[in-house]
K.L.:
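Structure incoming, see below.
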2 protein chains.
Amino acid sequence: MEARIEKIKQQLQSQDYKLTPQREATVRVLLENEEDHLSAEDVFMLVKEIAPEIGLATVYRTLELLSELHVVEKLNFGDGVARYDLRTDSSKHHHHHLICVQCGSMEEIMEDWLIPLEERLEQEYGFHVIDHRLDFQGICRRCRESRESDE
Amino acid sequence: MEARIEKIKQQLQSQDYKLTPQREATVRVLLENEEDHLSAEDVFMLVKEIAPEIGLATVYRTLELLSELHVVEKLNFGDGVARYDLRTDSSKHHHHHLICVQCGSMEEIMEDWLIPLEERLEQEYGFHVIDHRLDFQGICRRCRESRESDE
DNA sequence: GTGTGTGCAAAACGTTTGCACTGGA
DNA sequence: TCCAGTGCAAACGTTTTGCACACAC
């Protein structure tokens, strides 16, 4: 935990940004909730517990900054709020999401299934892939087991 | 064109909705700009040229309605606005997007590369896929040919 | 002191809603 | 006379911005 904060501190400093107490509190919240996809509001409420004097704008500014530095990834699941994920150190953070349209749950698949596709894109389309997003909308196992369909 | 409007009219009527002049104007704009991914505001401005008295709320309501009827698909590319695409009659409209982070252009790939993955999801994860979204961010061919990299 | 970073409040943004009105069955 | 559909304006929730202040170097 401390080591990871230290690392992020260095990432900031390498671009002449400081790890202020507010930024550190924000990062800690992200670290403590790595499993979730927190919205800015979520982060704000959690940060308030650690550092009650922080302002919402600061949280937004911090998340934006961390996003630019590729410390977090800004996600958009089409529900009207941006969500923020810490980028895992390892690999290129290419995972996929299963979004249940019934219960709203979200599951992650950590495998990257798209590498062959990306190679095809480079060759057939001349498109150099930096990142991708693959989300599936559907019905999760739990919901399937307790309903008859309507879509 | 007229045939396609007629078809949409029937889709509406089958659910007891009417193809009002405003709705028709909206549909015409969508048909005439099938290649683009128009935002509600885009649609509004284009509809105004045909039917200047229309209100933005009506456009939103129409797009929402068409979306519910699966006449259009509501897309989200994470740029803060919803975009709307006519669903092509054929197939399940499973295509993918190449979004250039340099020039903002967007190209569509009409092939569906994910069918094998969806089968895996059903079997390994018990997740029933209704729809998916696959977007690649990167540098398009045109931009690549006229720059040195920085990302 | 000069700077970056901050809190607050106000603004901006896309979108939705309330409401009175209209126009066709 | 209904009642779905509409235009307008106001409300909404998220995000951004302006500005004066704080605090580190």
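Keep in mind that this is a model prediction, so the values were computed, not measured. Naming: A, B, ... by sequence-line order, numbering from 1 per chain.
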K.L.:
Can you name the residues that form a ring pair (Phe, Tyr, Trp, His ring centres under 6.0 Å) with B/Tyr84, not counting sequence neighbours?
P.N.:
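B/Tyr84 satisfies ring pair (Phe, Tyr, Trp, His ring centres under 6.0 Å) with no other residue.
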K.L.:
Which salt bridge (charged side-chain N to carboxylate O under 4.0 Å, His left out) pairs, counting each pair once, include a residue from residues 10-29 of chain B, with sequence neighbours left out?
P.N.:
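Qualifying pairs: B/Glu2-B/Arg28, B/Glu24-B/Arg28.
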K.L.:
Distance-only, no hydrogens or angles: does the B/Thr58 side chain make a donor-acceptor pair with backbone N or O of B/Ile54 under 3.5 Å?
P.N.:
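Not confirmed, B/Thr58 side chain does not pair with B/Ile54 backbone.
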K.L.:
For A/Glu124, which residues count as a salt bridge (charged side-chain N to carboxylate O under 4.0 Å, His left out) partner, sequence neighbours excluded?
P.N.:
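If we apply the salt bridge (charged side-chain N to carboxylate O under 4.0 Å, His left out) test to A/Glu124, skipping adjacent residues, the hits are A/Arg120.
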K.L.:
When the axes are fitted on five pairs at both termini, how much does the helix from C/dT4-D/dA22 to C/dA25-D/dT1 curve, in 10° steps?
P.N.:
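One end's axis against the other's: 10°.
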K.L.:
Treat primed atoms plus P, OP1 and OP2 as sugar-phosphate and everything else as base, then score nucleotides 4-18 of chain C 5' to 3': B for base contact with protein heavy atoms under 4.0 Å, S for sugar-phosphate contact only, - for none.
P.N.:
-SSBB-----SBBBB
K.L.:
Verify whether one side chain among A/His128 and A/Glu122 offers a donor that lies under 3.5 Å from an acceptor in the other.
P.N.:
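The criterion, which ignores hydrogens and geometry beyond distance, is satisfied for A/Glu122 and A/His128.
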K.L.:
Check whether more than 12 heavy atoms from other residues, nucleotides or ligands sit under 6.0 Å from atom NZ of B/Lys48, and answer yes or no.
P.N.:
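Buried by this count: over 12 neighbours within 6.0 Å.
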K.L.:
Of all heavy-atom pairs between A/Asp85 and A/Asp36, which one has the smallest distance, and what is that distance?
P.N.:
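Closest pair (atom of A/Asp85, atom of A/Asp36, distance): OD1-O, 3.4 Å.
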K.L.:
Suppose we screen for salt bridge (charged side-chain N to carboxylate O under 4.0 Å, His left out). Which residues come up paired with B/Asp42, at least two apart in sequence or across chains?
P.N.:
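Expected list: B/Arg83.
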K.L.:
Could you give the CZ-to-P distance, from B/Phe44 to D/dT6, as a whole number of Å?
P.N.:
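Going from CZ in B/Phe44 over to P in D/dT6 covers 14 Å.
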K.L.:
Return the value, rounded to whole Å, for the distance between atom CG of A/Leu19 and atom P of D/dC23.
P.N.:
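Taking CG of A/Leu19 and P of D/dC23, I get 18 Å after rounding.
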